[in-house]
Amino acid sequence: MLLDYESLKFVWWVLVGVLFIGFALTDGFDMGVGALLRIVGKTDDERRVAINTIAPHWDGNQVWLILAAGAIFAAWPITFGAAFSSFYWAMVLTLFSLFFRPVGFDYRSKLANPAWRNMWDWGLVLAGVVPPLVIGVAFGNLLLGVPFAFDDYMRLTSRGSLFALFHPFALVAGLVSLLMFMMQGATYLMLRTDEAVYQRAQKMAGLTALGVIVTFALAGIWLWLGIKGYVITEMPPKDALPNPINKVVTSMEGAWLANYHSYPYALAAPILGFVGALGVWLMARVGRAGLAFLFSSFSLIGIILTAGVSLFPFVMPSSLNPNHSLTVWDSASSHLTLNIMLWAALVFVPLIVLYTLWCYRMLWGKITLHFIRSNDHTAY
Amino acid sequence: MISQEVVDLSRLQFALTALYHFLFVPLTLGMTFLLAIMESVYVMTGKQVYKDMVQFWGKLFMINFALGVTTGLTMEFQFGTNWAYYSHYVGDVFGAPLAIEGLMAFFLESTFVGLFVFGWDRLSKVQHLVVTWLMALGTNFSALWILIANGWMQNPVGAEFSYETMRMEMVDFGAVLFNPVAQVKFVHTVAAGYVTGSMFVLGISAWYLLKKRDMGFAKRSFAIAAGFGMASILSVILLGDESGYEAGEVQKMKLAAIEAEWHTEPPPAGFNIIATPDQEKGENSYALKVPYVLGLIATRSLSEPVTGINDLVAQNEERIRRGMQAYGLFQKLRQGTASDADKQAFDTLKQDLGYGLLLKQYTEQVVDATEEQIKLAAKATVPHVASLFWAFRIMVAAGFTMLIVFALSFYFTAKRSAWNKPWLLRLAVFSIPLPWIAVETGWFVAEFGRQPWAIGEVLPTFLGTSTLSAVDLWGSIFGFVALYSILLIIEMYLMFKFARLGPSSLHTGRYYFEKLAGGGHTAHAYAQKLNDRV
């Protein structure tokens, strides 16, 4: 075994975070471009410019999402079932919206009919707005606590409903997520387009950066003053066999900020979230696309880390029976499985990063109106 | 108590979405390999027509691929949304191959598919060829890991139940990887994919040949499809036979149900060609039997018996009784009132715990099950015989018909006369649906034949569900059916449109409609007009 059980449980918390970040950084701009499609592209050719900046890459990028879900399945199996079934309708609707991406990209430009193309454009907008919004709302609900509990055989009961998910705080979290994906999309478009599409993307990058700053601050203040967090008061040793109903948890004002008191350097996460977004705003103003994209990526990393660090060691707190909350220590897979998965990740993640970068390198460059017109039959 | 309606609806939703997903998967598996072969020929010979073949068949491949991706997402999400208890109970073993599939295969496939489509002008010939092969490799690795996961559902090796964590845990990853059921299924399934791709290319090429258009393009496509299809259909049938042998070893009930063999016969057992199984009475009211054949397929010997359904039920009844004891001990262990002797007793009985869980349909407590309930549970270990019996025969019939089609196509291609034989070309066109009939009935046999188990002899299907309401499920089933139907209609529309247009859709100026129309841009309109008359 590469690591002892306790360390391995922690490492998998980090790795799931890495996968979420991978998803947000890459598929984030695909969804952002989708959400912004009708804002940055006023004509069919302009929309095709935007679409073709991501056409070869969105599918590979989407695998980060699939892998994040798969890693949760393998590393925290009970959490996978509890989260996906408690958020049933949110997940199903996300899935439905995601259906429009593969077909939207591939089918849209196969026919010239404007109604056909408009229909798929709206499909792509939907698939760019719904998933980030729902993922953000889901994270908001994690911070609020989710109404579930287990029986003695670990069968879950859930008191949730789709409408209960839309607590105002969760909506703010959803907005943070949507705006940051749009920011990532706008800065990516700045990198890969020119002329009118570039200018609109530049404007949207600034606006969404401001939006991220405002909503992220609002969520932070709300979390600090208005939301009860959870604290473990008694639990088995961290390297014990996982049993999520064997601890004592209480809910307390300000508990979600406790980690920042114990580990002040963790404050780097929210600071990165703000500074990154501020950087995007500045760089968009001066037209530095590369730096804007880099700052946007930093901001996303900071915001995702903030959510993870605030919750730690919880991954899914229960409001129905806080003692049944799922944590890093008591919802993990067996030592052997975590170990095998770590090896697989150590071998394949660097490989994936390498060939993905090669793929971007080979297809890099600005997508122009001229490109679209001269590749009318092969471009998306 | 778990609502039976929720169980049935969860199964319905899973079956619908899985069967729908598998309309697109086999074509992806087969087409990526065919594209890689065609492109290899292009790079070796430098002939433009092979590049055109890769690009045109690649276009049709992508129309299909888009829906494969769309529907694949559903499969992964659904384990969590609809099978939460399943996810908890076996995620430690089952989740790992799925996650590794993402790491090793799905990234490869999805990243390089983008370069495959958009990289023609950016990559050198050899680079692009490597990309195409990597894409094909990715799709096939993907199938490997999925079938390792599925093979484990059929034959759960390398794992043990832990009462502390209340779930199955991995103890031997090597055993999970090299599970014989998984290995056999993998080759059988990917070869079925190659057959699907080959039949698709063969049939559409035959249609061009019948219409006497783009002959050079169509002949070459036909020839490659005939050759690759011939090799593939032989592997499918051979590995199908191997599957039968494996099932004889580890999934005796499934095998007996497929063959409608109710009573153990003196070996070697006969094979029912036609039968009318009566589930209630536990016998066939009519059967047409060939002696010896089943015994040979299932045991590869003349002396080993193939156990019949009714005898398996009797054995299962014993296992249910032991499962009740195991469950009683397990409850003590969970409550912390078990002695060391109890613990040892549990270890010897725990392989029958799953059988004890079968009783949860009738009584929450399991240990208080009545004689009648035990009998009911034992009888419920028999999957529905008639549907399996017939689905299996439809699959086999489709397989052997395809063997004939590919053999004839291959033979006459070798004799360079296939394109002059309208009867053969027509046969190829009308055979296009056969691989889909075979793969869908094949999966039905594999998964419906596994019932009542989600994980063979470990976790009954009804226990695996999430705690949802019937209303939730009706809603999501309605959504899936509506969206999937619309998407399928759109996909078929595009597929027919571009298949009819043929390589003229590449706008190279070299193909039929463009030559007819005398210019690139009116070709679409011209093709449309012609096709309306077809």
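Chain letters run A, B, ... following the sequence lines, proteins first and then strands; every chain starts at 1.
A donor-acceptor contact shorter than 3.5 Å links the side chain of B/Asp92 to the backbone of A/Ser334. The main-chain N or O of A/Leu156 is found under 3.5 Å from a side-chain atom of B/Thr467 such that the two form a donor-acceptor pair. Panel note: side chain A/Arg155, backbone B/Thr465; a donor-acceptor pair is recorded below 3.5 Å. When atom types are taken as modelled, the side chain of A/Tyr107 and the backbone of B/Ile63 share a donor-acceptor pair closer than 3.5 angstrom. Distance alone, capped at 3.5 Å, places no donor-acceptor pair between the B/Arg122 side chain and the A/Arg361 backbone.
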**Asked** Yes or no on side-chain contact (heavy atoms from CB on, under 4.5 Å) for A/Thr337 and B/Glu169, after CA distance, side-chain angles and deciding distance?
**Response** CA-CA 8 Å; A/Thr337 297; B/Glu169 291 192 346; over 6 Å; no

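Proximity to chain B is limited to the side chain of A/Leu111, based on heavy atoms less than 4.5 angstrom apart. Contacts between A/Trp358 and chain B at a heavy-atom distance below 4.5 Å involve the side chain alone, from C-beta outward. Proximity to chain B (any heavy atom under 4.5 Å) is restricted, for A/Leu336, to the side chain, taken from C-beta onward. Residue A/Val92 touches chain B through its side chain alone, counting heavy-atom pairs closer than 4.5 Å. Only the backbone of A/Ala332 comes within less than 4.5 Å of a heavy atom in chain B; its side chain stays farther off. For a residue to count as touching a neighbouring chain, one of its non-hydrogen atoms must lie under 4.5 Å from one of that chain's; by this rule A/Thr356 touches chain B with backbone and side chain alike. For A/Phe100, the part lying under 4.5 angstrom from a heavy atom of chain B is the side chain only. For A/Asp152, the part lying under 4.5 angstrom from a heavy atom of chain B is the backbone only. Interface residue A/Trp364: only backbone heavy atoms are found under 4.5 Å from chain B.
A centroid separation of 6.0 Å or more is found between the aromatic rings of B/Tyr85 and A/Tyr153. If you look at A/Phe84 and B/Phe77, their ring centroids are closer than 6.0 Å. Residues A/Tyr355 and B/Phe107 place their aromatic rings such that the two centres sit no closer than 6.0 Å.
Of the inter-residue distances, the one linking A/Phe99 atom CZ with B/Ile486 atom CD1 reads 11.5 Å to the nearest 0.5 angstrom. Rounding to the nearest 0.5 angstrom, the gap separating the NE2 atom in A/His377 from the CD atom in B/Gln55 is 13.0 Å.
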Distance-only donor-acceptor pairs under 3.5 Å for side chains of residues 66-73 of chain A, two or more places apart:
none

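Classification of the A/Phe96-B/Phe480 ring pair by plane angle, with boundaries at 30° and 60°, yields perpendicular.
Considering only heavy-atom pairs separated by less than 4.5 Å from chain A, the leading option among B/Phe116, B/Trp120, B/Phe112 is B/Phe112.
With respect to A/Asp59, the side chain to side chain contact (heavy atoms under 4.5 Å, CB included) criterion is satisfied by exactly one of B/Thr111, B/Val117, B/Val113: B/Val113.
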